[in-house]
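Throughout, a chain's letter reflects where its sequence line sits, starting with A, and its residues are numbered from 1.
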Amino acid sequence: MDSLKEMYKSAVKESLLAVAKENNISVEDLNIFIEKPPKAELGDFAFPMFSFAKVFRLSPAIIASKVAEVINSDNSGAIATPAGPYVNIKIDPSQVADGVISRILDNVSYGDNSIYSNRKIMVEFSCPNTNKPLHLGHLRNDCLGESISRILKANGADVKKVNLINDRGIHICKSMLAYKEFGEGKTPESEGVKGDHFVGDFYVKFAQWAKSDESADVRAREMLVAWEKGDSEIYSLWELMNKWTVDGIKETYKKTGISFDTYYYESKTYDNGRNEVLKGLDAGSFYKTEDGTVWVDLEDIGLDKKVLLRGDGTTLYLTQDIGTAVARQEDWPFDQLVYVVASEQQYHFKVLFHVLEKLGYDWAKNLYHLSYGMVNLPEGKMKSREGTVVDADELFDSLSRLAREEIISKGRESEISDLDFTSDSIALAALNFYLLTVSPTKDMIFNPKESIAFNGATGPYIQYMGARINSLLSKFVDQVEGLKIKPEILSSDIERTLVAMLDEYPEFVAESGVQMDPSIIANFLYDLCKSFSRFYHDIPILVNDDRDAVFTRIMLSKAVLKVLKHGCSLLNIPILEKM
RNA sequence: GUACCCAUAGCUCAGCUGGAUAGAGCGUUAGAUUGCGGAUCUAGAGGCCGGAGGUUCGAAUCCUCUUGGGUACACCA
């Protein structure tokens, strides 16, 4: 069954054709636009008639009134009202509400669609360095990557989530060197510190040390060379410290609901990149200068020249990404590879994609950089040198603590079976909603105080609506047998709005998939919750002598909950029974 | 210097395949609970949609220029 929107769209189209015929006008393709009337009492869908005025040689207002007349004469489940140059259509709940509600409740996966079926999409995100724990910037990356993966899946794609651990390079050598100097054989276990924080502390220590001792940087570089040569002592320290960090980071992933299908490691792919570059050199795509450096000329895309391999044969960041991409295409031949990476790296990806094209890989055109903006603080930018970087674990824990305090202060502790789980879930909702409600491309300001607020457009508000509906449903202990949906009672503006919104939901899922933009869903869910809240506030649901009416509104609430759960799962926001 | 991104209410953000009086949240002011979770709801105040041209019946939305901010342009990652 078509959505209501489609139904009314074709009704308007047919009416227009009828009007055309009546006036002996031949029309070809009619492009029907739909929008929303400014107020719910005007209707649920609005059709502007401006664009038809020329062909019809009639004023938009006259066309509107004629179209409305035709629609009302067919019994189409719609009530049309001309309003100046617009035709407003109000859904007739008695005709359509039953269909919408049962379509949602009977469908196991309402909201899913198949626009990307048979499409293999790989999504790369997170990609942490192994010298320090995650910070707020990573959290935006993580929740965007996770959410987009889920959204693409809901649109029918076969999705593979991949991570790339940047486990190689000077940064990890700095932590290692500091550990050798000052570590005294301590371990995360012996100190009771999470591994990534443990290693990160040595990275900080190195920075302090290097300030007063110039030999520190020299020794770090020497260590990198030794590592590349395979020095066994350094190599095993490297393995040990990487494991500490990665294990710690994985704990954070677990807490924040992030997961990956495959982990790639830079240390394993950079060699591959070197081979690819050498192949390209043989093929004449690149060139070598006297000192042995391999270059690519990017003039054809309006850019400068770029080094792909150093004179001593060592690789660069870009080289490594070439190797990784090729390895991925071989491992799992994707139709599209999405890189969720901050907008600062747009130049890097432009170059990377072009180099892969030069190497003759025709799948290079299927690479996409999903670029997102920076996360700043109300006080300004996060700066590691000034120590204003917000640590991911600390942030999450403080949100969870505040959620717990709120539960306790509301005296709801006894209602909740698992306080830790519930406060963590609320923290996750607060964080993810706040980060995902902003369009990815935009820079944003993360206000910790606002994100944990329990009123307003926040994750906890959304969860609260879910909990309310759950509570409502659990109170409806009536015998359902014999009760039936009485769609005509859903005639108030707010009930009609709810029915129309639920009906439209799958379009939002599709749109957010095409745009790769979770904020489309986040904003929809907030609107839905707001509408539900108004409905809940204005209309007694359970208290009604007409048991069919109770049943009908319960079914409507159930449908709202189902859509809410579906949407929240796309945003990695848990819906709770109680909170 | 060159390229890309951004600019909407005091603050944080929607709206941008052009269409009705530009919308939310926070904050602020005033209200609502014998009815199901008030972590709620309603209403008021608050905008030359950075500026100037242009296209159009119609521009926050498209085009050009301009101003302000961000980012990138490493043999760092």
Show the distances under 3.5 angstrom between N or O atoms of the protein and N or O atoms of nucleotides 26-34 of chain B.
none

**Asked** If you draw the axis of the six-membered ring of A:Tyr372, does the NZ or CZ of A:Arg140 fall within 45° of it and under 6.0 Å from the ring centre?
**Response** no
Could you tell me whether [X] and [Y] make a salt bridge, using a distance below 4.0 angstrom between a side-chain N and a carboxylate O?
X	Y	result
A:Lys530	A:Asp527	no
A:Lys132	A:Asp196	no
A:Lys36	A:Glu504	yes
A:Asp546	A:Lys486	yes

**Selection from B:rA7, B:rC41, B:rA3 that lies nearest to any side-chain heavy atom of A:Lys350** = B:rA3
With sugar-phosphate meaning primed atoms plus P, OP1 and OP2, does [X] contact a base, only sugar-phosphate, or nothing at under 4.0 Å between heavy atoms?
X	answer
A:Lys530	sugar-phosphate
A:Ala46	base
A:Ile541	base
A:Leu303	nothing
A:Asn88	base
A:Asp291	base
A:Tyr536	base
A:Pro378	nothing
A:Glu511	nothing
A:Glu266	sugar-phosphate
A:Ile445	sugar-phosphate
A:Ala467	base
A:Phe33	nothing

Taking 4.0 Å as the cut-off, does a side-chain nitrogen or oxygen of [X] come that near to OP1 or OP2 on [N]?
X	N	answer
A:Lys442	B:rA7	yes
A:Lys410	B:rA39	yes
A:Arg412	B:rA39	no

**Asked** Quick one: ring pair (Phe, Tyr, Trp, His ring centres under 6.0 Å) partners of A:Phe433, sequence neighbours excluded?
**Response** none
**Asked** By side chain to side chain contact (heavy atoms under 4.5 Å, CB included), which residues pair with A:Arg547, not counting sequence neighbours?
**Response** A:Phe476, A:Asp478, A:Leu483, A:Val550
**Request:** Specify the residue among A:Thr289 and A:Ile416 whose closest nucleotide of RNA chain B lies further upstream toward the 5′ end.
**Result:** A:Ile416
**Message:** With nearest nucleotide decided by heavy atoms, which residue, A:Thr458 or A:Lys305, maps closer to the 5′ end of RNA chain B?
**Reply:** A:Thr458
Distance-only donor-acceptor hits, side chain of residues 290-297 of chain A, under 3.5 Å, sequence neighbours excluded:
| from | atom 1 | to | atom 2 | distance (Å) |
| --- | --- | --- | --- | --- |
| A:Asp291 | OD1 | A:Thr289 | OG1 | 2.6 |
| A:Asp291 | OD1 | A:Thr293 | N | 3.3 |
| A:Asp291 | OD1 | A:Thr293 | OG1 | 2.9 |
| A:Asp291 | OD2 | A:Thr293 | OG1 | 3.0 |
| A:Trp295 | NE1 | A:Thr289 | OG1 | 3.3 |
| A:Asp297 | OD1 | A:Glu299 | N | 3.0 |

**Prompt:** So do A:Pro82 and A:Val67 actually touch side chain to side chain, heavy atoms under 4.5 Å?
**Reply:** no
**Prompt:** In which stems does RNA chain B show up, taking only runs of three or more Watson-Crick or G-U wobble pairs whose two distances fall under 3.5 Å?
**Reply:** B:1-7 with B:67-73, B:10-13 with B:23-26, B:28-32 with B:40-44, B:50-54 with B:62-66
**Message:** Is the base of B:rC57 stacked against the aromatic ring of A:Phe50, taking ring centres under 5.5 Å apart and planes under 30° as the test?
**Reply:** no
**Message:** For A:Lys578, give me all partners under side-chain hydrogen bond (donor to acceptor under 3.5 Å, both in side chains), at least two apart in sequence or on another chain.
**Reply:** none
